[in-house]
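When reading the values below, keep in mind they use all heavy atoms of this one structure, side chains included, and skip hydrogens, waters and symmetry mates. To find a chain, count down the sequence lines: A is the first, B the second, and so on, and within it residues start at 1. All of these numbers come straight from a predicted model, not from anything done at the bench.
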2 protein chains.
Amino acid sequence: MDICVTSLLRDKGFKVTPQRLAIYNALVATKAHPSAEMIYNELQPVYPTMSLATVYKTIEILKTLKLVQVLNVGEDSFRYDADTTNHPHIRCMCCGRVDDLHGVDSTEFTDQVAATTKYTIQGQQFYFYGVCPKCQAAASAAS
Amino acid sequence: MDICVTSLLRDKGFKVTPQRLAIYNALVATKAHPSAEMIYNELQPVYPTMSLATVYKTIEILKTLKLVQVLNVGEDSFRYDADTTNHPHIRCMCCGRVDDLHGVDSTEFTDQVAATTKYTIQGQQFYFYGVCPKCQAAASAAS
DNA sequence: TTCAGTGCAAAAGATTTGCAACCCG
DNA sequence: CGGGTTGCAAATCTTTTGCACTGAA
């Protein structure tokens, strides 16, 4: 997949730098839907001189290349997902973790919306909020 | 409905002030899903001394009273909706307006999610992105 | 060699907080 | 009258921007 990013970057006239590869690889390697700062912190040990600004600038490029999607789970910061398929997300209101919801079919719902609205639909984001298994266990243990 | 907010505030030990009523009424009166700043600007002529901080503090209270819901449509700021029923929203990627999507049934979709996930689900937000009728017209006129 | 990219620092926005004066109850 | 509320200003936090230096091609 490095090859893929590499050629995609080159094709669009972007240069291939170690920072960009590291940021993209970090996103591909995790299911935690990290924020810019989380990515920055994770790469600190390996790239001690990399700045947060570079993370933001790189994410901007990855967005335009459609290699990442942006999540707005309702926190103060954005989160990013290298899985650009159209899937819902769920956030734990207790610990803040964000998980994917795969294997759910929303086509009937989205078809209804498309048929009802006068908008031309181009994208969608479905967010659920709840308590994750770990926090449920922690809560029952505490009681 | 003023009566309703008034007693709700009092019941919870909050004082009833003109600012709070004005902010809530502004939210009830619009379908534009305004941001804090939009509310502030709208009330400026009537309450020239009111500050943005008061808008934020009041919205915080209205949230705890479940009188408004928060929308995260992917802009840099939050938007608010005094219609607290569970309905999807759609944002125009061209002009930024946010509309309600009523009359769409998402129960089958949400049931599927509830059955699949190990989370305890407590809330949800569905966002669609597209181009509103006005911007479509403007685009075709321009071409 | 050359120009896009990096990293730093400063800027820009949104939201929060501290605090003295104010006013609802 | 008293404590919650307001409004201002300053603080905080995320994200963006300007710019000199660096490094990919």
Quiz item: Roughly how many Å is it from CG in B/D76 to C1' in C/dA11, rounded to a whole number?
Solution: 15 Å
Self-check item: Earlier contact from the 5' end, DNA chain C, for B/A36 and A/F14
Solution: A/F14
Quiz item: What is the distance from CD of B/E37 to P of C/dG13, rounded to the nearest Å?
Solution: 10 Å
Quiz item: Separation of B/Y47 atom OH from C/dC22 atom P, in whole Å?
Solution: 19 Å
Self-check item: Donor-acceptor pair between A/Q125 and B/Q125 side chains, under 3.5 angstrom
Solution: no
Practice problem: Could you tell me the separation between the OH atom of B/Y56 and the P atom of C/dG18, rounded to a whole number of Å? | Solution: 18 Å
Exercise. Output the single nucleotide from D/dT15, D/dG2, C/dT15 whose closest atom is nearest the side chain of A/S77.
Key: D/dT15
Quiz item: Considering only side-chain heavy atoms of A/F78, which listed nucleotide, D/dT15, C/dG7, C/dG5, is closest?
Solution: D/dT15
Quiz item: So, B/Y127 and B/N72: side-chain donor and acceptor under 3.5 Å apart, yes or no?
Solution: no
Self-check item: Separation of atom CD1 in B/I59 from atom C1' in C/dT15, rounded to whole Å
Solution: 10 Å
Quiz prompt | Whole-Å distance separating the CE atom of B/M38 from the C1' atom of C/dG13 | solution = 16 Å
Practice problem: Take A/E60 and B/T49, find for each the nucleotide of DNA chain D with the closest heavy atom, and name the residue whose nucleotide sits nearer the 5' end. | Solution: B/T49
Self-check item: Quiz item: B/K57 side-chain donor-acceptor pair to D/dG4 base, under 3.5 Å
Solution: no
Quiz item: Will you find, in the side chains of B/Q136 and A/T120, an N or O donor that is under 3.5 Å from an N or O acceptor?
Solution: yes
Practice problem: Specify the separation, in whole Å, of atom CZ of B/R10 and atom P of D/dG3. | Solution: 19 Å
Quiz item: OP1 or OP2 of C/dG7 sitting under 4.0 Å from any side-chain N/O of A/T54?
Solution: yes
Quiz item: If you find the nucleotide of DNA chain C closest to B/P18 and the one closest to A/Q19, which residue's nucleotide is nearer the 5' end?
Solution: A/Q19
Quiz prompt | Whole angstrom value for the distance that separates P of C/dC23 from CZ of B/R20 | solution = 15 Å
Quiz item: Between the side chains of A/D100 and A/H89, does any donor sit under 3.5 Å from an acceptor?
Solution: yes
Practice problem: Verify the neighbour count for atom CD of B/E108: are there more than 12 heavy atoms of other residues, nucleotides or ligands below 6.0 Å? | Solution: no
Quiz item: Counting only side-chain N and O atoms of B/T17, is one of them less than 4.0 Å from OP1 or OP2 of D/dT6?
Solution: yes
